[in-house]
Peer 1: 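Have a look at this one.
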Amino acid sequence: MGERYASFPAFYRFYLSEHSNRTCRRLHFVGTSLGLLCLLLAIATGRWWLIAVGLVSGYAFAWVGHFFFERNRPPPFAIRHTASSGTG
């Protein structure tokens, strides 16, 4: 979960291997889209609880994709940290 990668291309190869199932990728897209929509609605309406709804829906769709279609365990915080650093 806290693996380090020698380069971004090495990380990206791992990332792609964890997202090879089409349904999993589509569920990620739906969850991310709903999360962004909730964020925009929260900003537009001032209903800040929508941010929490967006986070929960985004993770829920992604985790369903991983657990039931990809059949792997998503390490969201470790991957996010490694991906954002660019070098691992």
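The first residue in the sequence is number 1, and the count goes up from there.
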Peer 1: Taking only residues two or more places apart in sequence or in another chain, which ones pass side-chain contact (heavy atoms from CB on, under 4.5 Å) with Leu34?
Peer 2: Val30, Ser57, Phe61
Peer 1: In the hydrophobic clustering (ILVMFWY, side-chain contacts below 4.5 Å, transitive), which residues join Phe29, or is it alone?
Peer 2: none
Peer 1: Give every residue pair that meets the side chain to side chain donor-acceptor pair (under 3.5 Å) criterion with at least one member in residues 25-40, sequence neighbours excluded.
Peer 2: His19-His28, His28-His66
Peer 1: Write down the atom of Ser17, the atom of Ser20, and the distance for their closest heavy-atom approach.
Peer 2: O-OG, 3.9 Å
Peer 1: Is it the case that one hydrophobic cluster holds both Tyr59 and Leu27, taking links as side-chain heavy atoms less than 4.5 Å apart, direct or via other members?
Peer 2: yes
Peer 1: Would you please test Phe68 and Thr23 for side chain to side chain contact (heavy atoms under 4.5 Å, CB included) and show each step?
Peer 2: CA-CA 10 Å; Phe68 297 110; Thr23 303; over 6 Å; no
Peer 1: So which heavy atom on Glu70 is nearest to which on Asn21, and how close?
Peer 2: OE1-N, 2.9 Å
Peer 1: Taking side-chain contact (heavy atoms from CB on, under 4.5 Å) as the test, write out the residues that go with Ala10, two or more places apart.
Peer 2: Tyr5, Ser7, Arg13
Peer 1: Taking distance alone, no hydrogens or angles, what donor-acceptor pairs closer than 3.5 Å link side-chain atoms of residues 38-50 to residues at least two apart or in another chain?
Peer 2:
{"unit_1": "Thr45", "atom_1": "OG1", "unit_2": "Leu41", "atom_2": "O", "d": "2.7"}
{"unit_1": "Thr45", "atom_1": "OG1", "unit_2": "Arg47", "atom_2": "N", "d": "3.3"}
{"unit_1": "Trp48", "atom_1": "NE1", "unit_2": "Gly46", "atom_2": "O", "d": "3.3"}

Peer 1: Who passes ring-ring contact (aromatic ring centres under 6.0 Å, His included) against Tyr12, sequence neighbours left out?
Peer 2: Phe8
Peer 1: Are Leu37 and Val53 connected, step by step, through hydrophobic side chains (Ile, Leu, Val, Met, Phe, Trp, Tyr) whose heavy atoms are closer than 4.5 Å?
Peer 2: yes
Peer 1: Among Ile, Leu, Val, Met, Phe, Trp and Tyr joined by side-chain contacts under 4.5 Å, find the other residues sharing a cluster with Val56 and list them by chain and number.
Peer 2: none
Peer 1: Determine whether Phe67 and Arg71 make a side-chain contact, defined as any pair of heavy atoms from C-beta on separated by less than 4.5 Å.
Peer 2: no
